[in-house]
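Report on the following structure.
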Amino acid sequence: MKRIGIPRGLYYYKYYPFAKIFLTELGAEVVLSPETNKEILDIGSKYCIDDACLPVKVYHGHVYFLKDKVDYVLIPRFTSISAKEYICPKFGGLPEMVRYSIPMNSPIIDIEINLYKNKFNLYKSLFSLGNMLGANPIQIKKAINKAFKTHYVYKKDLLNGNLPAVLIENKKPVKIKTKSIVGIVSHPYLLYDSFINMNLLKKLSGRCIKYITPEMIDSQIIDNLCNELEKRIFWSSSKELIGSALYMMNINRIEGILLLTSFACGIDSLSLELIIRIANKIYNKPIMMLTLDEHTGEANFNTRLEAFMDLVERRQNLDNNLSPYGRGIYCSERNIR
Ligand code: SF4
């Protein structure tokens with residue numbers, strides 16, 4: 001039985017259930033790296049190139065953990081995850097970045113995921129992986145069908161706001177008596193990695209603040225809202241962030257929006273700027289940007305988050321009389337306007 005390592009980072013948060021079912025159906029054993037911790041972050045930062053974003057550095061740390069403990073490490077080359085759209089180029093270069101940064105004996109499986117034109121390329125890649133594992137075409141087709149079914153259930157769970165076990169592993173889901181609801185606009189690998197985001201979701205829940213994330217918004221709604229923009233957005237993650245923010249701005253019960261980003265994220269430098277410009281014109285509730293990097297001191301992060309939560313609560317208690325220009329707390333660790 002082949003042991004295949006899956007690093008718990010980046011698109012693990014989108015596609016792990018698919019990958020796990022596909023591989024186990026074909027007789028492989030899946031080995032997952034542990035939840036992100038300080039050691040993984042430090043190793044990742046050591047081996048990754050300096051100017052990469054935080055999630056890519058953390059991903060390197062996860063690969064380092066798996067290296068030499070498994071027969072292969074699965075690092076797909078994501079080029080496109082939606083028709084006529086691309087994703088962040090760092091995903092496309094990830095197998096090479098890892099290969100040339102981390103000395104390792106376990107070979108990398110770098111199948112390409114490219115849905116830009118059609119699904120043919122995806123099937124081709126899955127069949128080549130299945131062949132590599134010694135499966136025949138009928139077994140591979142069965143595994144693909146089962147993996148897709150699991151993927152749709154996973155997406156539906158997210159849409160309904162039930163964070164599936166894969167995202168809340170080792171943590172009990174908390175039932176909270178909701179006082180307010182806020183939107184969080186971010187990539188899943190920042191949102192659901194509680195080490196990277198310094199327990200953001202738990203901190204919100206601790207103040208009885210419920211949250212809505214991009215995964216909880218129907219992709220058709222996101223598409224429709226983005227179609228109303230002057231220019232077509234051709235980056236999938238940008239579209240997800242901007243469409244989600246537009247949706248959140250239009251929902252009355254959402255009392256404020258948090259933009260959670262990573263230092264050195266090229267995609268967010270454009271997407272979040274556009275969100276802020278739109279918010280300046282049409283949104284009169286608190287909105288704040290928090291930038292994460294590899295520094296693990298929580299004090300600054302907590303101060304800003306608490307300021308945001310105070311503002312949301314006070315505006316609610318005082319019938320929204322307070323100025324949202326606590327929005328002056330557009331802020332980040334490095335950049336306070
Ligand atoms: S979208 Fe941003 S955070 Fe995500 S991998 Fe690309 S640069 Fe990094």
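For ligands, and for the atoms within them, numbers begin at 1 and follow the listed sequence.
Residue-ligand proximity, F91 to ligand 1, at heavy-atom distances under 4.0 Å covers atoms 5 (S). Close contacts of ligand 1 with Y189, meaning ligand atoms under 4.0 Å from a residue heavy atom, involve 1 (S), 3 (S), 4 (Fe), 5 (S).
In this structure N145 satisfies the side-chain contact (heavy atoms from CB on, under 4.5 Å) test together with K141, sequence neighbours excluded.
Under the 4.0 Å criterion applied to side-chain N and carboxylate O atoms, D42 and K38 are assigned as salt-bridge partners.
Defined by atom type and a distance below 3.5 Å, a donor-acceptor pair is present between the side-chain atoms of H187 and D268.
Counting only protein N, O or S atoms closer than 2.8 Å to atom 8 (Fe) of ligand 1 gives 1.
When each of L259, I212, L258 is tested with V185 by the rule side chain to side chain contact (heavy atoms under 4.5 Å, CB included), just one qualifies, namely L259.
Here the CD1-CD1 distance, from I233 to I267, works out to 11.0 Å after rounding to the nearest 0.5 Å.
The ring pair (Phe, Tyr, Trp, His ring centres under 6.0 Å) pairs that include a residue from residues 87-118 are Y11-F91, Y86-Y116, where partners are two or more places apart or lie in different chains. Sorted by first and then second residue, the salt bridge (Lys or Arg N to Asp or Glu O under 4.0 Å) pairs with a member in residues 149-163 form an empty list; sequence neighbours excluded.
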